[in-house]
Structures are given as C-alpha cells and as structure tokens.
Number of protein chains: 2
Amino acid sequence: MSETNAGIENLTEALREAGIRVTRQRAALLGVLAAADDHPDAPELHRRAESEVPGISLSTVYRTLSTLESQGVIQRHQFEGAPARFEPVEPGHHDHMIDVETGNVLEFCSDRIEKLQAEIAAELGYEIVHHRMELYVRKITGSA
Amino acid sequence: MSETNAGIENLTEALREAGIRVTRQRAALLGVLAAADDHPDAPELHRRAESEVPGISLSTVYRTLSTLESQGVIQRHQFEGAPARFEPVEPGHHDHMIDVETGNVLEFCSDRIEKLQAEIAAELGYEIVHHRMELYVRKITGSA
DNA sequence: ATGCAAATGCGAATGAGTTGCAACTGTCAA
DNA sequence: TTGACAGTTGCAACTCATTCGCATTTGCAT
C-alpha cells in the first residue's frame, strides 16, 4: 500500500511542478489508474472514480486522461472496434495481446521483434518514431 | 489494363455468385479501389467514385466498403488518429509503415516477426487470430 | 486570507460511421 | 422481353466516443 501511495505522491508532486493542479478529480483518477491492472476505458474509469468523487463528470475524465497522457503518465490504446483504453506508464515498453473472446489484455515484449522492426525501417531509409503491435488471440483448447 | 479489368471481372462474377448485386456504384468503387495504390479513406473513395457515378452517396460508399470487407475483397485499416483507410486484398499478408510526416503508407512483411509472434502467443497458451503491426516512422535525413 | 488562472460540470457540438425508410434497380424465372 | 421482388440506393436522422464553450468553482502562490 505504501508503494502505491508513494508512487502517487511522486506523481502529484511532479504534476504540480509541471504547473498542473492536483484536484480531487485528478487525484481520484490517478488512484483508480494506479489500482487498475486491467486496461479500463473512459466510462469505466469514470464509474470507478465516482465512488471517490461522486459528481465527477465524464468530460473531466476525458480531459484528465488527455492531460495525463500528454504528461507521459498514462498511455492510451486504441484496440480494434472498441473505445480507447488506458494504462499507467511503467518503465519498459510492451505490446498487447487481446483475447478476442473475453476482451482481456495481456502484455508482452520481444526485443527480437523490436530489433527486426528497426532493421526493416532502416532498410527503407526510415527510423521508427513509435510502433503499435497487437495480437488478437484465442485460447488454445486442449482437445478441439 | 486488361489485367485490371480481368481482376475486376473475376471479382464482379464472384460477388454475383455470393448473391451480391453488382450495381453501378459498386462497380465504380471496385474500379477506384483497384486503381488506388495509396490507402484511401471513405470520403476520398467517395470523391473518386463520384466522377463515374455522379450522385453516389457517402452512405453507399460506407455500406459497400463494409460489404466488400466482409466478402474478403478489401481490407480496412484503422491507423492512429485517422479515419479508416482501405486497400484491395492481394495474395500475401503484409503490415504497414506510416510516415508520420506525410501520412504515406508503405507495406512490408517479415516472416521472422510473424514467427516470433506465433511463438510468443503459443507460450502463453494462445493462437493468433490476426494481428496488427504498424510502424510510425520518419525519413532519416542525411545530415542533421 | 485573497486573487486569479486553471479546472470543473453541464450541455451542446463534433466527426466517423450506421440505420430506417421509401423509391429504385439488378437478376433470375418465365 | 418482361415481370416480379429482394437487394440497393439516397437521404436524413441517428449513434457513439470524444471534445468544446462557457459560466461557475477551486487549487495554490502570495
């Protein structure tokens, strides 16, 4: 628990220093985001934040998410055919695997793939600004 | 030219057999799509189709694109922060590299990456239904 | 404590895409 | 060739996710 709180303390401090006011609404969202291990979308975050800040509006949630994203605190993911989903930024980039049956998101990372990507881009005279890789997957059933 | 026409002939035939009427609007869109080597979005396809079928409506374009997509004739790509873009399906899957400065789309393919993706999914007990990989890139400048 | 720019809540607006519906038109059978 | 009729079209109205305008409120530096 102290870990999470410490993380949020640091964050609020950092935000304040970036000239961004830490309002009740924002604190609540930071808390909700830090506690989330799924990748919630805006309405879901709104729902969760409402228990801490009852009247919080959805626009505020959207605005805060944009702010936090541009501060590099969270990441926005636009998976196929679904509203944007968010996750706190942790050290170390990763990609996503979406279970097409449940909507669950797993994270993974492959240095080897990243390296190949960079090679391919370089061959064509480009450098990678960023990339997006999503595997839409289905659980392998024992029998079938 | 005969190549393109032959391709379209085959397609219209295939559509007819799938119980899908080949209307003027659809023929026009098939032609526009076959002729496109960029990855146009719906309004752009609408613009191009209008020269052949003057009154064609945007809804028809959207409807036709959905139809053609579900027939496996074209593919829809949802790149970051942009409306969907379309391309005819050609044999051989490929991924995309988007020049963030110009919006140009290059295609590429890497068996090695695909293999790694499958391995990663398999390790976690999943099989890949499909994937999406997009490299957002910038041209490497000689000096700078 | 106080001022004020920044942030909020509300509702209205946006943009991409979809849909209901009456009028139209490919297509297949005769 | 001609019907007939289900599939299509154009239009306008709608949805859904997200953004914006604006009057009111509120962090927070002083």
Side-chain angles (χ1 to χ4, degrees), chain A residues 8-9 11-32 39-47 49-50 52-71 73-86 103, chain B residues 8-9 11-32 39-47 49-50 52-71 73-86 103:
Chain A
I8 291 181
E9 298 284 301
L11 271 184
T12 59
E13 204 38 56
L15 289 180
R16 230 189 297 275
E17 263 151 45
I20 289 175
R21 291 187 189 164
V22 180
T23 60
R24 248 169 339 123
Q25 293 75 339
R26 286 177 178 171
L29 276 169
L30 283 173
V32 167
H39 293 64
D41 61 15
E44 176 60 27
L45 288 165
H46 180 235
R47 234 166 278 128
E50 255 180 330
E52 196 174 331
V53 182
I56 188 172
S57 85
L58 186 53
S59 343
T60 293
V61 171
Y62 276 113
R63 269 188 293 234
T64 300
L65 290 171
S66 294
T67 301
L68 295 181
E69 187 191 14
S70 62
Q71 291 303 313
V73 171
I74 63 171
Q75 265 178 52
R76 172 193 308 257
H77 299 293
Q78 191 71 61
F79 300 134
E80 283 182 2
R85 299 172 67 166
F86 301 83
Chain B
I8 292 182
E9 298 285 301
L11 273 182
T12 58
E13 203 37 55
L15 290 179
R16 230 188 300 274
E17 263 152 45
I20 289 175
R21 290 189 191 163
V22 180
T23 60
R24 251 170 334 127
Q25 296 71 342
R26 286 176 179 170
L29 276 168
L30 283 173
V32 167
H39 292 65
D41 60 16
E44 176 60 25
L45 288 165
H46 179 234
R47 233 167 278 128
E50 256 180 330
E52 196 174 332
V53 183
I56 188 173
S57 84
L58 187 53
S59 348
T60 293
V61 171
Y62 277 115
R63 269 187 291 230
T64 300
L65 290 171
S66 294
T67 300
L68 295 180
E69 188 192 13
S70 62
Q71 290 303 312
V73 171
I74 63 172
Q75 265 178 53
R76 173 192 308 256
H77 299 293
Q78 191 71 59
F79 300 135
E80 283 183 2
R85 299 171 68 166
F86 301 83

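Labels below follow one simple rule: chain letters A, B, ... track the order of the sequence lines, proteins then strands, and each chain is numbered from 1.
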Q | Whether A:R76 side chain and A:A84 backbone form a donor-acceptor pair below 3.5 Å | A | no
Q. Between B:P83 and A:V61, which has a closest nucleotide on DNA chain C that is more 5'?
A. A:V61
Q. In whole angstrom, what separates A:E17's CD from D:dA29's C1'?
A. 14 Å
Q. Between B:R26 (side chain) and B:R21 (backbone), is there a donor-acceptor pair under 3.5 Å?
A. yes
(Q) Output the rounded distance in Å from CD (B:Q71) to P (D:dT8). (A) 10 Å
Q. Does A:G55 or B:A82 map to a spot on DNA chain C nearer the 5' end, using the closest nucleotide for each?
A. A:G55
Nucleotides 24-26 of chain C: which of its N/O atoms have a protein N/O under 3.5 Å away?
unit_1	atom_1	unit_2	atom_2	d
C:dT25	O2	B:R21	NH1	3.2
C:dG26	N2	B:R21	NH2	2.9

Q. In whole angstroms, how far is the P atom of D:dG7 from the CG atom of B:L68?
A. 17 Å
Q. Within a strict 4.5 Å, meaning less than it, do heavy atoms of the B:R16 and B:T12 side chains meet?
A. yes
Q: Nearest whole angstrom, please: distance from the C1' of D:dT19 to the CZ of A:R76.
A: 11 Å
Q: Tell me, with the steps shown, if B:L68 and B:L30 meet side chain to side chain contact (heavy atoms under 4.5 Å, CB included).
A: CA-CA 9 Å; B:L68 295 180; B:L30 283 173; 3.9 Å; yes
**Q.** Heavy-atom side-chain proximity of B:S57 to B:Q25 below 4.5 angstrom
**A.** no
Q: Decide, yes or no, whether a salt bridge links B:R47 with B:E44 under the criterion of side-chain N to carboxylate O below 4.0 Å.
A: yes
**Q.** Interatomic distance where CD1 belongs to B:I20 and P belongs to D:dT8 [whole Å]
**A.** 6 Å
(Q) Can you give me the bend angle of the helix from C:dA1-D:dT30 to C:dA30-D:dT1? Use the axis through the first five pairs and the one through the last five, nearest 10 degrees. (A) 40°
Q: Could you tell me the separation between the CD atom of B:E69 and the P atom of C:dG17, rounded to a whole number of Å?
A: 11 Å
Q. Using a cut-off of 4.0 Å on non-hydrogen atoms, how would the nucleic acid contact of B:L58 be classed: base, sugar-phosphate, or nothing?
A. nothing
Q. What's the shortest heavy-atom distance between B:Y62 and B:A42, and which atoms?
A. CE2-CB, 3.4 Å
Q) Hey, is the side chain of B:Y62 poking within less than 4.0 Å of OP1 or OP2 on C:dT18, counting only N and O atoms? A) no
Q: Could you tell me whether the side chain of A:R63 has a donor or acceptor atom within less than 3.5 Å of a complementary atom in the base of C:dG9?
A: yes
Q. NE2 of B:H46 versus P of C:dA16: gap in Å, rounded?
A. 14 Å
Q: Nearest whole angstrom, please: distance from the C1' of D:dT18 to the CD of A:Q78.
A: 10 Å
Q.
For a side chain to side chain contact (heavy atoms under 4.5 Å, CB included) check, start with the C-alpha distance between B:Q71 and B:I20, then their side-chain angles and the critical distance, and finish with the verdict.
A. CA-CA 10 Å; B:Q71 290 303 312; B:I20 289 175; 3.2 Å; yes
Q) From D:dA12, C:dC10, C:dA7, pick the nucleotide closest to the side chain of A:S57? A) C:dC10
(Q) For B:A28 versus B:V53, what's the shortest heavy-atom pair and its separation? (A) CB-CG2, 3.7 Å
